[in-house]
Every structure is written in structure tokens, then in C-alpha cells.
Amino acid sequence: VGFYLFSVFFGIFLYKDLSIELTDNLLVAAFLMCLSTATLPFLGMLGDKYKIKTLLSWSALGMIVVSIPFYFSVYYSKPVLSVFIQVILMMLLNVQFALLPSLIVSLFPASTRYSGVGMSYNFCDSIIGGLTPITALLLVQVIGSPATYTLLFCSSALISLCAFLSIRSARLRTINY
């Protein structure tokens, strides 16, 4: 959800509601993508040192907490603060981007791993990812405030946190989860 909101909806918000030029908008998007790409290997290394389930849970909890000031920064049209908070949210989301594949792989036995990972990840990514921009637009249209799309960060992070906490350690195949 977070990736689709950052890559699609936040740019539309900056352009339409805050009248930020498309070139500046593109610079923000390019900066966030470069930052995301550059930090992924280092966040992956954290998974080698600390328990992945714990890191993912803290990441989701951090997203819940940070999404609240993000809502208010968007609601009160503070573009610099909104972009700064978006960088923080992107870093928290990057923890999940870096570590989630390892967690998903550990949930399936070797005999069904390819099908299990492929089906679960791609099915959820296409359904949830495809519906994210539509859901954000509906929220904005029904509630009337352009800031309401930020509530999707909090709700999706809450769902993720519940999912991470519900995974039993016995289900995980390797020792560092």
C-alpha cells in the first residue's frame, strides 16, 4: 500500500493540491526512489543481526505512529514537512521491503515454497496494490479532504503489525526470525 501511495498518489497531491511544479515533483520522487534503493542492502544486513519478525513489527508500529503527523502535515498543506515525514515513512517501509521476502520464504516448506511465495505475494500485490489508488481517491472524494489518503498508511500498517505478531516462531524455518 505504502509504495503505491508514495509512487502514485503523493505526486498527484503535490501537483494538484499544493501546486508544486512537475519538475520539483519529479525530483522528490527520484530522491525517494534513490534513497530507497540505496538503503535496502543496509536494512537487509540488519536482518542478519536482529530478529526479522521484531524489525518488521517495529517498522509497522513506527509507520502507525508517524502516519499521524503525516496526516496533519498534508491536511494543513505543509509541503516541506510532508516530504520530510514521507522520507521517514519511506525508511520504515524500506525495512519491510528489505526483510519481508525473507520472512515469506521462511513460512513455506521447500516442497511448496516456489508456488506459495509466488501465489501469495503476487496475488496480494496485484489486488491490494491495484486497489490502493482507487481506495485513496474514494476516501478523498467521500470525506472531502485530500489528507484522508494518508489514513491508508496507518490502517495498512496496523494490518501488517497484526499479521507480523500472529506469526508463530515455530512456523519460521530459520533461526533469526
Side-chain angles (χ1 to χ4, degrees), residues 1-40 42-43 46 52-101 103-104 121 124-167:
V1 171
F3 175 77
Y4 294 100
L5 287 175
F6 283 140
S7 62
V8 176
F9 208 81
F10 191 69
I12 294 169
F13 166 75
L14 288 176
Y15 179 70
K16 184 179 174 208
D17 294 322
L18 298 182
S19 301
I20 294 186
E21 293 296 321
L22 288 176
T23 53
D24 294 335
N25 202 344
L26 182 61
L27 286 173
V28 169
F31 170 74
L32 286 171
M33 293 300 160
C34 289
L35 180 66
S36 174
T37 303
T39 57
L40 281 174
F42 300 106
L43 294 171
L46 277 178
I52 289 177
K53 182 178 166 184
T54 303
L55 291 171
L56 289 169
S57 298
W58 278 107
S59 167
L61 188 62
M63 287 184 69
I64 293 167
V65 171
V66 175
S67 66
I68 295 166
F70 186 53
Y71 171 81
F72 287 109
S73 71
V74 171
Y75 183 80
Y76 291 112
S77 299
K78 305 289 185 190
V80 174
L81 183 59
S82 295
V83 170
F84 177 73
I85 294 173
Q86 185 182 8
V87 169
I88 294 169
L89 282 168
M90 179 60 85
M91 295 305 297
L92 291 167
L93 191 60
N94 263 4
V95 172
Q96 294 182 18
F97 289 160
L99 303 177
L100 195 58
L103 177 73
I104 292 172
Y121 180 81
C124 289
D125 193 46
S126 62
I127 299 296
I128 302 297
L131 292 176
T132 296
I134 295 167
T135 306
L137 286 173
L138 284 173
L139 277 173
V140 169
Q141 192 173 36
V142 169
I143 296 175
S145 169
T148 53
Y149 83 91
T150 62
L151 299 175
L152 288 175
F153 284 106
C154 188
S155 60
S156 65
L158 184 61
I159 292 168
S160 295
L161 180 61
C162 291
F164 296 144
L165 293 176
S166 70
I167 297 171

| query | Of the non-hydrogen atoms in Leu93 and Ser59, which two are nearest, and what is the gap between them? | reply | N-OG, 4.4 Å

| request: Indicate the atoms forming the closest heavy-atom contact of Val95 with Leu43, along with that distance. | output: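 Shortest heavy-atom separation between Val95 and Leu43 comes out as N-CD1, 3.7 Å.
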
[X] versus [Y]: any side-chain heavy-atom pair under 4.5 Å?
{"X": "Tyr149", "Y": "Val140", "answer": "yes"}
{"X": "Val66", "Y": "Ile85", "answer": "yes"}
{"X": "Phe84", "Y": "Lys78", "answer": "no"}
{"X": "Leu152", "Y": "Ser155", "answer": "yes"}
{"X": "Leu56", "Y": "Lys53", "answer": "no"}
{"X": "Leu165", "Y": "Ser57", "answer": "yes"}
{"X": "Thr23", "Y": "Leu26", "answer": "no"}
{"X": "Ile88", "Y": "Phe70", "answer": "no"}

| request: Before giving the answer on side-chain contact (heavy atoms from CB on, under 4.5 Å), spell out for Phe72 and Leu81 the whole-Å C-alpha distance, their side-chain angles and the decisive distance to 0.1 Å. | output: CA-CA 10 Å; Phe72 287 109; Leu81 183 59; over 6 Å; no

| field | With Phe31 via ring-ring contact (aromatic ring centres under 6.0 Å, His included) - residues at least two apart | value | none

| field | Any residue meeting ring-ring contact (aromatic ring centres under 6.0 Å, His included) with Phe97, in chain and number order, not counting sequence neighbours | value | none

| Short side-chain to backbone donor-acceptor contact, Thr37 and Met33, under 3.5 Å |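 Pair found, side chain donor or acceptor close to backbone of Met33.
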
